[in-house]
Amino acid sequence: MSNLTQSQVVQLEIVPVAGRIGAEVRGVELSADLSPAVIESIQEALLSYKVLFFRGQHQLDDEGQEHFAKRLGELYAHPTVPVKDGTSAVLELDSIHGGRANSWHTDVTFVEAYPKASILRAVVIPPAGGDTVWANTAAAYEDLTPELKELAGSLRAIHTNAYDYAATIRSEVTQEQIQRHKNVFASILYQTEHPIVRVHPETGERHLLLGHFVRRIPGLKTADSDRILSILQEHVTRLENTVRWRWAVGDVVIWDNRATQHYAINDYGDAHRVVRRVTIAGDVPFGINGRKSFSLEPKSEQAE
């Protein structure tokens, strides 16, 4: 705990949503004016539950979302996708323009120091469908046998934003959407080598660092790399390790991006869905052996 004693931390009304991950926080209106004690309590709950759900936060607009996010850390703008006009760090995900991230991922792991947390606000929600699912990557690691833990802890993986967009999303996409992905999301090539098992810098928990930005395990044949990555990823997305949230307009969800993966379910057809995300800057991960991640493209000093 930072500068507050245990007695000063506010006891939030927290209702667990699933057994291993996720809790709804009630009776709190998110804003930049929250007391340090409340902010500290939110931070502590986030470390414990990995994902926090706040219903009915209609008081927040883009500016309010950014101002609140600054209470949790330094804002982080996406390295390739432009922010929403009039904002410094709001990323708008609009289903009309291809904003359907229906594959398991941790945000922006193709860079060295990827975001530590994300704050997502529901603006337009379909009458049915469009839920988001999160997975607990620490529980996934703990589910491994000792032999698999030892193997995973010894391996590293290459993450990149250069991937087959249409194949990864696993749904019909237009040629225009594919071209936009190449011209915007992959406009600058990023490749980073991360440990497959990341040690959380605050809790000390061990997490499987995987998701759809992972391309390969260096040093292994492609077939062997694919098999190992598939086995480990299947542990992450076991239903026991997940929580599913049915959105309503005004909902805000905060998740620990170092401890989770998530998947936006694309089951709402032509209905409109708009969510807006602000992310908080993170640090460079390190593995069980203390070795840190490093960038391959653009090349970092650690890669020398």
Side-chain angles (χ1 to χ4, degrees), residues 12-15 17 21-34 38-39 41-43 45-46 49-78 81-102 105-108 114-134 243-266 268 271-282:
L12 301 175
E13 183 183 358
I14 295 176
V15 181
V17 177
I21 179 174
E24 182 180 349
V25 181
R26 298 175 179 173
V28 175
E29 285 197 0
L30 301 179
S31 77
D33 298 325
L34 290 173
V38 172
I39 294 296
S41 294
I42 289 172
Q43 298 269 34
L46 185 60
Y49 292 98
K50 314 291 191 288
V51 187
L52 301 179
F53 306 101
F54 300 80
R55 288 285 193 193
Q57 302 295 313
H58 301 285
Q59 75 283 355
L60 286 182
D61 55 11
D62 294 342
E63 183 179 22
Q65 184 177 0
E66 287 192 324
H67 286 170
F68 166 69
K70 288 178 182 178
R71 296 294 307 279
L72 303 181
E74 180 185 350
L75 300 191
Y76 177 90
H78 196 281
V81 180
V83 300
K84 184 176 178 289
D85 287 346
T87 72
S88 59
V90 173
L91 181 67
E92 181 169 84
L93 301 169
D94 187 330
S95 61
I96 293 177
H97 303 298
R100 300 178 185 237
N102 57 318
H105 66 286
T106 296
D107 286 333
V108 203
Y114 61 87
K116 79 170 188 177
S118 291
I119 302 157
L120 196 64
R121 175 170 59 96
V123 179
V124 179
I125 295 299
D131 298 359
T132 303
V133 186
W134 286 264
V243 62
R244 178 167 175 162
W245 186 251
R246 172 67 184 127
W247 291 96
V249 172
D251 286 358
V252 170
V253 180
I254 307 172
W255 66 90
D256 187 335
N257 197 52
R258 304 160 297 184
T260 59
Q261 288 185 31
H262 59 282
Y263 184 113
I265 301 173
N266 183 12
Y268 49 95
H272 195 195
R273 183 180 187 271
V274 178
V275 291
R276 293 178 185 157
R277 188 181 83 201
V278 176
T279 54
I280 307 299

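The line from CD of Gln65 to CD1 of Ile119 is 7.0 Å long, rounded to the nearest 0.5 Å. A distance of 7.0 Å separates CG of Leu72 from CD1 of Ile42, quoted to the nearest 0.5 Å.
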Kindly list each side-chain donor-acceptor pair under 3.5 angstrom involving residues 23-32, sequence neighbours excluded, with atom names and distances?
residue	atom	partner	partner atom	Å
Ser31	OG	Asp33	N	3.1

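One finds a salt bridge joining Arg276 and Asp62 here, because a Lys/Arg side-chain nitrogen approaches an Asp/Glu carboxylate oxygen to under 4.0 Å. With respect to Lys50 and Asp256, no salt bridge is recorded, no charged nitrogen being found less than 4.0 Å from a carboxylate O.
In this structure Gln59 satisfies the side-chain hydrogen bond (donor to acceptor under 3.5 Å, both in side chains) test together with Gln57, sequence neighbours excluded. Legend: residues meeting side chain to side chain contact (heavy atoms under 4.5 Å, CB included) with Ala128, ordered by chain and number and at least two apart, are absent. Listed by chain and number, the residues in a side chain to side chain contact (heavy atoms under 4.5 Å, CB included) with Lys70 are His67, Leu75 (sequence neighbours excluded). Residues satisfying the salt bridge (charged side-chain N to carboxylate O under 4.0 Å, His left out) test with Arg71, not counting sequence neighbours, are none. Not counting sequence neighbours, Lys116 has no partner by the salt bridge (charged side-chain N to carboxylate O under 4.0 Å, His left out) test.
Side-chain contact check for Thr106 versus Thr260: every heavy-atom pair is 4.5 Å or farther apart. By the 4.5 Å heavy-atom criterion applied to side chains, Val123 and Val275 are not counted as neighbours.
In this structure, Ser118 contributes its side chain and Thr279 its backbone to no donor-acceptor pair below 3.5 Å. When atom types are taken as modelled, the side chain of Arg246 and the backbone of Asp131 share no donor-acceptor pair closer than 3.5 angstrom.
If you look at Trp134 and Phe53, their ring centroids are closer than 6.0 Å.
What you find for Ala69 and Val278 is that their closest heavy atoms are CB-CG1, 3.6 Å.
Side-chain contact annotation: His78 with Asp107, donor-acceptor N/O pair under 3.5 Å absent.
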